[in-house]
Amino acid sequence: MRERPGGGRLAPVELVDLRDHADDYPLSTPVQDAIEAVLRRGRKVIVLHNRRGYAVALHCRGCGQTFRCERCDVSLVIHGRVARRQRLTCHHCGYDEPVPERCPGCQSVDIARMGAGTERIESLLSERWPDTPVHRLDADAVRTRGAVSIILDAFNEPGPAILTG
């Protein structure tokens, strides 16, 4: 955007190369520092992320198998914060299965959750700032009528807060 709808100044933008911050992925040190500075001033923070779920793919480090939808042949997305209750879901057709404890191909238990989705971002933000309300607004969080208004009303309460989605 070159100008803000309704006037006003555009927010400053800083690009962060995540290759330089692999140790603190997905919330790099510059991003955490910026969030901290805003929260210290008692303001609101919005963290936008373009992937739903907890992790964007499941990959066996033993044999290299990636877990794909049996109907669509796209990567299945991991949903759920608690590892033993996580599910693999296809965002195209809705196919769903539990996350396996072992790779069905080689029986390895070395299965990696790759990338980060909004569920993981929400979890990391809550861990990092436990005294700050963190709200997630994505298609998974607003499955019921009125859920968007409830989330936005909670985010709009006085004081610092974080919204991600």
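Note: hydrogens, waters and symmetry copies are ignored here, and every other heavy atom, side chains too, is used.
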Open item on the list: Working to the nearest 0.5 angstrom, can you tell me the gap between I121 CD1 and S126 OG?
Closed with: 11.0 Å
- [ ] Over all heavy atoms of both residues, which pair between G115 and V56 is shortest? Give the atoms and the distance, please.
- [x] CA-CG2, 3.8 Å
Task: 4.5 Å side-chain heavy-atom contact, C60 and D110 - done: no
Open item on the list: Could you tell me if Q86 and R81 have a donor-acceptor pair between their side chains, going purely by distance under 3.5 Å?
Closed with: no
TODO: Working to the nearest 0.5 Å, report the span between CG of L27 and CD1 of I35.
DONE: 6.0 Å
Open item on the list: Please give me the minimum heavy-atom distance between H21 and V16, naming the atom from each residue.
Closed with: CD2-CG1, 3.7 Å
- [ ] Report the C-alpha distance between F155 and E157 in whole Å, list the side-chain angles of each, state the deciding distance to 0.1 Å, and finish with yes or no for side-chain contact (heavy atoms from CB on, under 4.5 Å).
- [x] CA-CA 6 Å; F155 179 64; E157 290 288 321; over 6 Å; no
Task: Least distance between heavy atoms, P130 atom then E127 atom - done: CD-O, 3.5 Å
Open item on the list: Give me the atom names and distance for the closest heavy-atom approach of P100 to L58.
Closed with: CD-CD2, 3.9 Å
Task: Test side-chain hydrogen bond (donor to acceptor under 3.5 Å, both in side chains) applied to H79 and R87, R52, H91, the passing residue - done: H91
TODO: Indicate yes or no for a side-chain donor-acceptor contact from E119 to the backbone of G80 under 3.5 Å, with no hydrogens or angles considered.
DONE: yes
Task: Atom CG of D23: over 12 foreign heavy atoms under 6.0 Å - done: no
Open item on the list: Show, in sequence, the C-alpha distance, side-chain angles and deciding distance for H135 and L152, and conclude whether the side-chain contact (heavy atoms from CB on, under 4.5 Å) test is met.
Closed with: CA-CA 8 Å; H135 311 280; L152 292 177; over 6 Å; no
- [ ] Find the distance between CD (E122) and CG (L137) and round it off to the nearest 0.5 Å.
- [x] 11.0 Å
TODO: Would you mind reporting whether L88 and P98 have side-chain heavy atoms less than 4.5 Å apart?
DONE: no
TODO: Determine yes or no for a side-chain-to-main-chain donor-acceptor pair under 3.5 angstrom, with R51 supplying the side chain and G117 the backbone.
DONE: no
Open item on the list: Side chains of R120 and H49, heavy atoms from C-beta outward: is any pair under 4.5 Å?
Closed with: no
TODO: Could you tell me whether the side chain of S28 reaches within less than 4.5 Å of the side chain of L18, counting heavy atoms only?
DONE: yes
Open item on the list: Contact between C63 and S108 at the side-chain level, heavy atoms closer than 4.5 Å - yes or no?
Closed with: no
Task: Derivation of the side-chain contact (heavy atoms from CB on, under 4.5 Å) call for I46 and T164 - done: CA-CA 6 Å; I46 299 176; T164 189; over 6 Å; no
Open item on the list: Which residue in the set I151, V47, L48, L125 passes side chain to side chain contact (heavy atoms under 4.5 Å, CB included) when paired with L163?
Closed with: I151
TODO: Examine V38 and L124 and state if one hydrophobic cluster contains both, with Ile, Leu, Val, Met, Phe, Trp and Tyr joined whenever side-chain heavy atoms are less than 4.5 Å apart.
DONE: yes
Task: Value rounded to 0.5 Å, distance of CG in N50 from OG1 in T118 - done: 10.0 Å
Task: Considering all heavy atoms, the nearest W129-Q32 contact - done: CZ2-O, 3.6 Å
Task: Q65 and H59: side chain donor to acceptor below 3.5 Å - done: no
Open item on the list: Using side-chain heavy atoms (C-beta onward) and a distance below 4.5 Å, is R136 in contact with D138?
Closed with: yes
Task: For the student: nearest non-hydrogen atoms of C72 and H92, plus distance - done: SG-CB, 4.0 Å
- [ ] Any chance you could lay out the side-chain contact (heavy atoms from CB on, under 4.5 Å) test for V82 and R85, step after step, and finish with the verdict?
- [x] CA-CA 5 Å; V82 180; R85 292 194 306 221; 3.6 Å; yes
Task: Under-4.0 Å salt bridge between R84 and E101 - done: no
Open item on the list: Hydrophobic cluster membership, with links at side-chain heavy-atom distances under 4.5 Å among I/L/V/M/F/W/Y: are I78 and F67 in one?
Closed with: yes
Task: ILVMFWY cluster, V77 and Y95 together (side-chain gap under 4.5 Å) - done: no
